[in-house]
Amino acid sequence: MKHVILGNGPAGVVAAEALRAQDKDCEILMVGCEGLPPYSRMAIPYLLEENIDEHGTYLRKKKGHFEALRIDQKNARAASVDATKKMVHFADNSVESYDRLLIATGSHPVRPPIPGLDLPQVQNCWTLEDARAIAKLTKPGSRVVQLGAGFIGCIIMEALAKRGVELTVVEMGDRMVPRMMTPKAGGMIKQWVEEKGIRVRTEAKVEKIEPVGAAPAAQQESSGFFSKLVNTLTGGGSKEAPSAPAAHEGPVSVTLSTGEVLEVDVVIVAAGVKPNIDFLEGTGVKVEGGVIVDAGMRTNVADIYAAGDVAAGLDFFTGEPMVSAIQPNAADQARVAAVNMTGGNTELPGVLAINVLDTLGLISTSFGQWWGDEDGDSVELVEESKYRYISLQFKGDVLIGATSIGRTDHVGALRGLIQGRQELGEWKQRLMENPAAFYEAYIAVTQPTALARNVA
Ligand SMILES: Cc1cc2nc3c(=O)[nH]c(=O)nc-3n(C[C@H](O)[C@H](O)[C@H](O)COP(=O)(O)OP(=O)(O)OC[C@H]3O[C@@H](n4cnc5c(N)ncnc54)[C@H](O)[C@@H]3O)c2cc1C
């Protein structure tokens with residue numbers, strides 16, 4: 001039995017190890033395409049903060065770890081899959097056959113169509129290579145604009161702030177982390193971040209990025225034309241020919257939709273991601289925001305599985321496809337995929353949104369259907385000056401979602417209530433009156449005797 005795993009991030013690595021644990025005789029090939037040992041993207045902020053070196057980002061640090069487990073590795077980009085012949089074709093023209101294939105290729109950053117986005121001062125923050133470039137470009141005092149204040153954007157923002165840069169964050173949404181936080185909570189995070197000295201522009205878009213003080217476009221074009229002309233006249237390659245204008249490396253001006261123009265040294269793009277699925281074209285594998293998988297991580301095509309950021313599992317509540325792009329989810333899905341790839345039969349209960357964010361020391365969380373249900377009830381407790389907040393969302397007497405800020409004690413109880421689909425009974429009304437009593441509610445409905453003992 002030959003298992004091919006496309007992707008050597010957390011999903012790929014956990015799957016490879018789990019496959020070996022399940023079957024000591026199978027052949028395992030794990031493929032990455034960045035020419036680097038398997039590493040963790042979530043360690044990149046620590047690298048930028050200089051808390052760790054590159055080796056610290058590696059998922060497995062022991063030399064010979066994969067060899068000892070007889071996990072073969074290959075560095076090549078999957079270009080296409082022939083699901084009928086069970087073959088993967090790679091960009092370097094090599095081919096691998098498979099009996100079972102796992103898609104664990106993660107995602108890549110979206111590049112919004114903004115003029116100037118290809119300037120050398122503009123950088124993603126997704127790969128180790130990006131991190132190396134950012135480390136070179138940013139020094140204490142560098143002026144930086146960051147596009148996007150989502151979950152990953154907030155993590156990057158913190159790392160940049162710790163590098164001592166002068167930072168402005170531009171977010172299209174009406175608040176920070178709009179796809180993870182309620183309007184009130186996103187607003188409180190914005191206020192916190194601004195108090196720490198970071199400028200935040202919400203409901204604003206970057207419209208264009210232009211070099212400051214570079215030769216105007218017409219002049220650049222004519223010198224390009226001149227250099228081409230001299231090359232033509234001299235048969236090309238003449239050392240004397242005026243070279244094309246060097247990439248402009250000075251500051252750039254960033255124009256916002258609000259009319260504001262910012263002069264900065266670096267622009268960091270954190271404007272969302274898309275799954276790496278181009279190579280699946282023509283396979284018939286169903287894709288909807290990610291590779292659609294059932295609870296056992298099987299795609300709709302026989303012997304092809306998917307896990308991690310590339311996979312859209314079924315939402316815990318709605319049963320709709322949902323990508324949960326966090327590392328623990330990648331690992332859970334990879335384990336389940338591996339068991340099923342080796343003939344087992346196991347399932348995940350459904351993807352539950354679990355977001356925990358530390359923004360410059362302010363902890364925020366959201367769980368489940370934190371945005372609520374139109375037929376449900378909700379309650380919000382706001383303690384703005386203390387940076388404490390809680391919002392609970394109910395359907396009937398079941399807690400389906402929650403958002404919190406500034407609460408580190410017992411927030412796991414919120415997750416427990418949601419994941420356990422606990423019927424709250426009389427506790428629903430008590431929580432509507434005092435949402436902060438969620439821990440007592442959790443104890444009361446999950447361990448009624450414990451509460452009775454405590455009360456006694
Ligand atoms: C800056 C940053 C901070 C983060 N912080 C956190 C955090 O605090 N907590 C958290 O839970 N998550 C965090 N994440 C998200 C987390 O890193 C991802 O959820 C996790 O990496 C997903 O793992 P994966 O294996 O599915 O995908 P990836 O880690 O993206 O790995 C996919 C692999 O597939 C390879 N690949 C892609 N295309 C091909 C191809 N065609 N052929 C062969 N190989 C291919 C890629 O090179 C890559 O190595 C962070 C991410 C970033 C970028």
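Counting starts at 1 for both ligands and their atoms, following the listed order. Nothing fancy with the numbering, it's 1 onward along the sequence.
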Could you tell me if [Y] and [X] have a donor-acceptor pair between their side chains, going purely by distance under 3.5 Å?
X	Y	answer
Q333	Y305	no
R163	T138	yes
Q123	D130	yes

Below 4.0 Å from ligand 1: does a non-hydrogen atom of I155 turn up there or not?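 It does; at least one heavy atom falls under 4.0 Å.
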Q: Please state whether A311 comes within less than 4.0 angstrom of ligand 1, counting heavy atoms only.
A: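 The answer is no: ligand 1 sits nowhere under 4.0 Å from a heavy atom of A311.
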With a cut-off of 4.0 Å, which atoms of ligand 1 are near a heavy atom of [X]?
X	value
P328	11 (O)
V31	44 (N)
F279	41 (N)
A104	32 (C), 33 (C), 34 (O)
Q327	10 (C), 11 (O), 12 (N), 19 (O)
I326	11 (O), 12 (N), 19 (O)
A76	42 (N), 43 (C)
R77	41 (N), 42 (N)

Just to confirm my output: which protein heavy-atom neighbour is closest to [atom], and how far is it?
atom	result
atom 31 (O) of ligand 1	G9 CA, 3.4 Å
atom 13 (C) of ligand 1	M42 CB, 3.5 Å
atom 29 (O) of ligand 1	P10 CD, 3.2 Å
atom 39 (C) of ligand 1	T105 CG2, 3.5 Å
atom 46 (C) of ligand 1	E34 OE2, 3.5 Å
atom 26 (O) of ligand 1	D309 N, 2.9 Å
atom 34 (O) of ligand 1	G7 CA, 3.2 Å
atom 2 (C) of ligand 1	R41 O, 3.6 Å

Pairing of [X] and [Y] as salt bridge, 4.0 angstrom limit:
X	Y	answer
R20	D23	no
R143	E263	yes
E260	R201	yes
K86	D303	yes

Report task. Kindly identify the option in G32, C33, P45 whose heavy atom sits closest to atom 36 (N) of ligand 1. Result ->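 Result: the heavy atom closest to atom 36 (N) of ligand 1 is in C33.
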Shortest reach to atom 15 (C) of ligand 1 by a heavy atom, considering only G35, A331, P38, A325:
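It is A325 whose heavy atom sits nearest to atom 15 (C) of ligand 1.
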inquiry  = Checking E384 against K184 for the salt bridge (charged side-chain N to carboxylate O under 4.0 Å, His left out) test, could you report, in this order, the C-alpha distance in whole Å, the side-chain angles of both residues, the deciding distance, and whether it holds?
reply    = CA-CA 9 Å; E384 206 144 0; K184 188 75 214 172; 3.1 Å; yes
For residues 316-328, which residue pairs pass the side-chain hydrogen bond (donor to acceptor under 3.5 Å, both in side chains) check, not counting sequence neighbours?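 Residue pairs with at least one partner in residues 316-328: S40-Q327, D315-T318.
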Would you check the N or O atoms of [X], main chain and side chain alike, for any that come under 3.5 Å of an N or O of ligand 1?
X	value
I152	no
A78	yes
N8	yes
A11	yes

Give every donor-acceptor pair under 3.5 Å between a side-chain atom in residues 2-19 and any protein atom, sequence neighbours left out.
{"residue": "K2", "atom": "NZ", "partner": "E96", "partner atom": "OE1", "Å": "2.7"}
{"residue": "K2", "atom": "NZ", "partner": "S97", "partner atom": "O", "Å": "3.1"}
{"residue": "E17", "atom": "OE1", "partner": "R60", "partner atom": "NE", "Å": "3.4"}
{"residue": "E17", "atom": "OE1", "partner": "R60", "partner atom": "NH2", "Å": "3.0"}
{"residue": "E17", "atom": "OE2", "partner": "R60", "partner atom": "NE", "Å": "2.6"}
{"residue": "E17", "atom": "OE2", "partner": "H65", "partner atom": "NE2", "Å": "2.7"}

Without swapping roles, check the side chain of D174 against the backbone of T202 for a donor-acceptor pair under 3.5 Å.
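Flag not set: sc D174 to bb T202 has no pair under 3.5 Å.
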Point to revise | Check: T346 main-chain N/O paired with N340 side-chain donor or acceptor under 3.5 Å | key: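 Answer holds: yes.
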Practice prompt. Check the surroundings of atom NZ in K274: do more than 12 heavy atoms from other residues, nucleotides or ligands lie under 6.0 Å from it?
Written response: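 Atom NZ in K274 is not crowded, with 12 or fewer foreign heavy atoms closer than 6.0 Å.
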Ring-plane angle category for Y439 and H410, please: parallel below 30°, perpendicular beyond 60°, tilted otherwise.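 Parallel.
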